[in-house]
2 protein chains.
Amino acid sequence: MAPSSRSRKPPADRSLVADRLHSAAIHILRRLRREDPAMGLSGPRASALSVIVFGGPITLGDLAAVEQVRPPTMTHLVRALEHMGLVTRVPDPHDHRVVRIAATHRAHAVLAEGRARRVGALTQALDGLGERDVATLSRAAYLLEWLARSTTSHPGQAVPPSRRSFPG
Amino acid sequence: MAPSSRSRKPPADRSLVADRLHSAAIHILRRLRREDPAMGLSGPRASALSVIVFGGPITLGDLAAVEQVRPPTMTHLVRALEHMGLVTRVPDPHDHRVVRIAATHRAHAVLAEGRARRVGALTQALDGLGERDVATLSRAAYLLEWLARSTTSHPGQAVPPSRRSFPG
DNA sequence: GTATTTAGTTAGTTTTGCTAACTACTATGG
DNA sequence: CCATAGTAGTTAGCAAAACTAACTAAATAC
């Protein structure tokens, strides 16, 4: 299947790599989504909640930026989380326009459990891999986050991540 | 835990890696989605079309399996692609239940251009990376595809990918 | 003290995904 | 040869997630 051209360093056509990464990201998320119903916390919700829980209270706009979505989308996500009793809106006393989103007690518990479920499938799959492959994916996760944040029309500002800057 | 037999690689807790991969996949896709409108081919459509174009005609069911979605979802996607004049349904002469999905002329052109456009942002970002990081991501793409297909209730059948089996 | 900018929400649409139930066809077992 | 069981896809109906456009309310600027 894989045309194993066994050379030292195939130049790795970047657009081909980009294309494959794109497909891979789509497929892994679709696979993971199948675990959702069991826990009632979808990917986008879990991701947003994770930011709130680990980063502390954050404004809706900033949360939208971090999560790479538009404000209206985040309004919906936050509302859903609010209905689930996982976050509360805390109005800013100094600036009455802004709303800070804070995690409730339950959020910590639910997130821990939810993550265990959803990411559990992936974790289990990772067990089938060797140390080196896991290390490769660890580094890849870091690179992908960097890629997601670069190319955002700050071409000059973005600095390629140092290979030493992350333990993966 | 299991101390890496190699040098100073940290053990890389698998559930942590899984969590970070999960977030990274979400964020990279959201970033990529912003490029969609420029080419009129969304992620799922581009992904499916890519399979058809490069793999040749394929039944709807098989395509759904490859793309990790249910048949009704693929029916929708195929219909959209059909309306865009990118694929045609070819009934199987031997088994009148099955429908093969084939790419049209335009599909090749659109996909080539679309890839340049859509994945262009990612490709460009990749240019900011060194050979080694690109190689890491190339290998990661392969591993992610494997992960997406594993843990699918064929626990015995899945075979961890050989490190040599892919030129990345 | 109006005018502009900023933060968030509301309204409405589209895409993507699901399950359940259906149609149409194939294959099998008397 | 026909009844029955299984398979491939579609239809119907639903929900989540995303967008843009247009709005409200509040802060800042001139």
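In the text below, chain A, chain B and the rest are named by the order of the sequence lines, each starting its count at 1.
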List the steps and the verdict of side-chain hydrogen bond (donor to acceptor under 3.5 Å, both in side chains) for A:S47 and A:E67.
-> CA-CA 8 Å; A:S47 183; A:E67 285 295 284; 2.7 Å; yes

Residue mapping more 5' on DNA chain C - nearest nucleotide basis, B:P71 or A:P71 =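 The residue mapped nearer the 5' terminus is A:P71.
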
Using the side-chain heavy atoms of [X], tell me which of these nucleotides is nearest: [options].
X	options	value
B:S42	C:dT16, C:dC18, D:dG9	C:dT16
B:R79	D:dT11, D:dT20, C:dT10	D:dT11
A:L60	C:dG8, C:dG17, C:dT10	C:dG8
A:P72	D:dA18, C:dT10, C:dC18	C:dT10
A:R89	C:dT9, D:dC19, D:dT10	C:dT9
A:T59	C:dG8, D:dT20, D:dA17	C:dG8

How long is the span from the NE2 atom in B:H22 to the OG atom in A:S50, to the nearest 0.5 Å?
->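 Output value for this atom pair is 9.5 Å.
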
Rounded to the nearest 0.5 Å, how far does CG of B:L49 lie from CD1 of B:I101?
->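 Between B:I101 CD1 and B:L49 CG, I get 11.5 Å after rounding to 0.5 Å.
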
To the nearest angstrom, how far is [X] atom [atom1] from [N] atom [atom2]?
X	N	atom1	atom2	result
A:R33	D:dA15	CZ	C1'	12 Å
B:Q68	C:dG17	CD	P	11 Å
B:E67	C:dG17	CD	C1'	13 Å
B:L29	D:dA18	CG	P	10 Å
B:R70	D:dG13	CZ	C1'	18 Å
A:L77	C:dT9	CG	P	12 Å
A:L63	C:dG8	CG	P	10 Å

Could you check B:R139 against A:D133 for salt bridge (Lys or Arg N to Asp or Glu O under 4.0 Å), going step by step and ending with a plain yes or no?
-> CA-CA 9 Å; B:R139 170 83 183 153; A:D133 281 337; 3.0 Å; yes

Are A:S42 and A:R33 linked by a side-chain donor-acceptor pair shorter than 3.5 Å?
->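 There is no such pair (donor and acceptor under 3.5 Å, judged by atom type) between the side chains of A:S42 and A:R33.
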
Within the structure shown, what part of the strands sits under 4.0 Å from A:R100 by heavy-atom distance: base, sugar-phosphate, or nothing?
->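 Nothing, no nucleic acid heavy atom in range.
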
When you match B:M74 and A:H76 each to their closest nucleotide on DNA chain D, which lands nearer the 5' end?
->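 Final value for this comparison: B:M74.
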
Could you write nucleotides 23-30 of chain D as a row of B, S and -, 5' to 3', where a protein heavy atom under 4.0 Å of any base atom gives B, of only sugar-phosphate atoms gives S, and otherwise -?
-> ---BS---

Taking all non-hydrogen atoms of both residues, which atom of B:A140 and which atom of A:T136 are closest, and how far apart?
->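 Shortest heavy-atom contact: N-CG2, 4.3 Å.
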
Mind listing the closest non-hydrogen atom pair of A:R20 and B:E145 along with its distance?
->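 In terms of heavy atoms, the two residues are closest at O-OE2, 4.4 Å.
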
